[in-house]
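Below is one structure, written out as structure tokens, with a few remarks after it.
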Number of protein chains: 2
Amino acid sequence: MTSHLPQPVRSDARDNRARILDAARAVFGEEGLSAPMREVARHAGVGPATLYRHFPTKQALFAETFAEQRRACHAAVRDALTDSNPWHGFRSLIERICELHAHSRGFADAFMTAFPEAMDFAADRERTLHAVRELARRAQKTGQLRPGFVVDDLVLMLMAHRGLQDTPRAARVTASRRFAAYMIEAFSAAPATGAPTPLPPAPRLQLTHSPSTP
Amino acid sequence: MTSHLPQPVRSDARDNRARILDAARAVFGEEGLSAPMREVARHAGVGPATLYRHFPTKQALFAETFAEQRRACHAAVRDALTDSNPWHGFRSLIERICELHAHSRGFADAFMTAFPEAMDFAADRERTLHAVRELARRAQKTGQLRPGFVVDDLVLMLMAHRGLQDTPRAARVTASRRFAAYMIEAFSAAPATGAPTPLPPAPRLQLTHSPSTP
DNA sequence: AGCCAAACGGACGGGGGCGTCCGTTACGGT
DNA sequence: ACCGTAACGGACGCCCCCGTCCGTTTGGCT
């Protein structure tokens with residue numbers, strides 16, 4: 001175990017690093033991972049070189065930028081597993097993950113994308129999926145989660161959820177909530193006979209402008 | 001009405017135009033709209049200039065490339081409207097559109113993206129949405145489509161469906177079918193009490209490699 | 001106050017994609 | 001067979017973006 005002696009870090013460096021991370025969260029959260037590094041640098045009030053000194057590559061910046069959201073995801077899974085009602089835990093998990101993905105546009109991409117190896121997302125993912133598998137098993141036992149469900153279905157829906165992210169922020173979270181509600185409806189074994197579950201408000205969606213129009 | 005006298009079109013030009021469209025369908029279908037024009041040109045065995053002479057801009061090429069799929073979509077809507085069972089028509093519509101979107105990777109983007117104005121997608125869209133609204137009204141009257149449903153929900157799901165397209169072709173159509181099934185499940189008012197609807201096979205999804213890794 | 005190293009940032013090189021120019025090719029009508 | 005013209009395609013300019021280099025600034029310790 002390497003004991004880091006508190007190598008004197010210059011204050012401006014530490015400040016800039018923090019400002020860069022804030023800027024990255026804002027920019028990538030609003031414009032997605034395709035936002036130029038220069039935009040982050042401008043937003044942080046530093047030069048490109050400074051940005052690259054702190055984070056040698058764009059992916060390195062991604063990893064640090066979304067560390068917090070990753071922790072939030074872990075927490076959501078943990079909470080879902082410890083919920084005394086598995087089906088309620090399962091539903092809450094879906095809602096929380098969708099909310100997280102909807103609030104920063106880049107995070108869903110970072111989360112659902114297998115990066116070359118920079119991040120240890122892979123390991124993460126394996127453990128997480130295992131946990132969800134267990135949760136699903138329990139929720140199926142109560143008869144509330146439909147029997148045909150497999151964890152890949154959640155992955156499927158989360159990948160689909162990414163399709164909502166090319167949408168203005170305001171509509172995005174509303175759309176995301178409605179999508180989550182439909183997802184839960186689709187996964188549930190048998191909606192209350194007669195009265196269907198009420199849904200959150202429907203978003204007024206407008207089409208994307210524009211995927212390849214420089 | 002301008003009567004086009006059959007301006008003598010040289011045979012090689014007509015051949016090349018056809019080859020370019022075939023190439024465009026193949027390339028954009030497999031790699032998405034972000035595929036370089038040069039790739040289409042190479043695949044068609046022509047130079048870039050020839051491509052641009054036939055289609056002055058990338059969007060113009062899009063418009064022609066997906067004309068056939070657009071007609072297929074119109075046909076699907078028409079069929080759905082004339083189905084004697086509105087709910088069956090509605091479900092078939094969803095399945096057919098998803099199938100179309102899954103089979104060529106670029107089409108979904110072209111379909112769900114509001115292009116600056118090149119295509120008359122906007123008009124299309126308005127008429128189509130109106131038709132679907134009517135269909136939904138009928139399906140709700142039979143009590144099989146859930147009361148809360150609004151057409152924007154279909155748009156929502158179709159936008160989400162785009163998220164599945166960064167997936168290898170084989171998995172893509174399987175994933176798409178399963179997604180369509182879940183969508184229908186979510187939209188249906190009350191699945192057969194007791195026995196949930198069986199689903200198509202679940203795809204084995206692998207994560208995307210990679211959105212911004214040149 | 002003075003010094004030194006760490007940190008900064010403007011400018012640069014490399015790569016890729018879109019759309020265009022102009023010299024060359026080859027179709028097709030005579 | 002010939003010739004005019006439409007069509008072709010390699011090469012070019014332009015722009016955007018990633019990542020790097022080097023001269024300059026500035027924090028912090030003595």
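Order of the sequence lines fixes the chain letters, A, B, ..., with proteins taken first and strands second; residue numbering starts at 1 for each chain. Both backbone and side-chain heavy atoms feed into the values below; hydrogens, waters and symmetry mates do not.
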- Message: Other residues, nucleotides and ligands only: do more than 12 of their heavy atoms fall within 6.0 Å of NE2 on B:His74?
- Response: yes
- Given atom CG of A:Asn16 and atom P of D:dT26, what is their separation to the nearest angstrom? 12 Å
- Query: Can you check the B:Asp12 CG to C:dT24 C1' distance for me, whole Å?
  - Reply: 14 Å
- Rounded off to whole Å, could you give me the OH-to-P distance for the B:Tyr52 and D:dG10 pair? 15 Å
- Task: Can you tell me the distance, in whole Å, between the CG atom of B:Leu33 and the P atom of C:dC18?
- Result: 11 Å
- Query: With respect to the side chain of B:Lys58, which nucleotide from C:dG19, C:dC8, C:dA7 is positioned closest?
  - Reply: C:dG19
- Residue met sooner reading DNA chain D from 5', once A:Met37 and A:Ala49 are mapped to nucleotides: A:Met37
- Query: Does B:Arg137 reach the side chain of B:Leu145, with side-chain heavy atoms less than 4.5 Å apart?
  - Reply: no
- Whole-Å distance, B:Glu39 CD to C:dG16 P, equals 13 Å
- Message: Less than 4.0 angstrom between a side-chain N/O of A:Thr57 and OP1 or OP2 of D:dC18, yes or no?
- Response: no
- Rounded distance in Å - CZ (B:Arg42) to C1' (C:dG16): 11 Å
- Item | D:dA7 OP1/OP2 closer than 4.0 Å to side-chain N/O of B:Thr50 | no
- Select one nucleotide: of D:dA7, D:dG9, C:dC18, the one nearest the side-chain heavy atoms of B:Pro36. C:dC18
- Message: Using only modelled atom types and a 3.5 angstrom limit, is any donor from either the side chain of B:Arg53 or the base of D:dA7 paired with an acceptor on the other?
- Response: no
- When you measure from the side chain of A:Ala13, which nucleotide among C:dC8, D:dG19, D:dC8 comes out closest? C:dC8
- Are any non-hydrogen side-chain atoms of A:Tyr182 and B:Arg146 less than 4.5 angstrom apart? yes
- Between B:Ser11 and B:Pro48, which is nearer to the 5' end of DNA chain C once each is assigned its nearest nucleotide? B:Pro48
- Message: Counting only side-chain nitrogens and oxygens, does A:His54 get under 4.0 Å of the OP1 or OP2 atom of C:dA7?
- Response: no
- Looking at CE of A:Met183 and CD1 of A:Ile94, how far apart are the two atoms once the value is rounded to the nearest 0.5 Å? 5.5 Å
- Query: Roughly, in whole Å, what's the span from CZ in B:Phe55 to C1' in D:dC8?
  - Reply: 15 Å
- Looking at C:dA7, does its base get a donor-acceptor pair with the side chain of A:Arg10 below 3.5 Å? no
- Upstream residue (5' side of DNA chain D) when B:Arg17 and B:Arg38 are each assigned their closest nucleotide: B:Arg17
- Query: When the ring centroid of B:Phe62 is compared with that of B:Phe28, is the distance short of 6.0 Å?
  - Reply: yes
- Between C:dG9 atom C1' and A:Ile20 atom CD1, what is the distance in whole Å? 12 Å
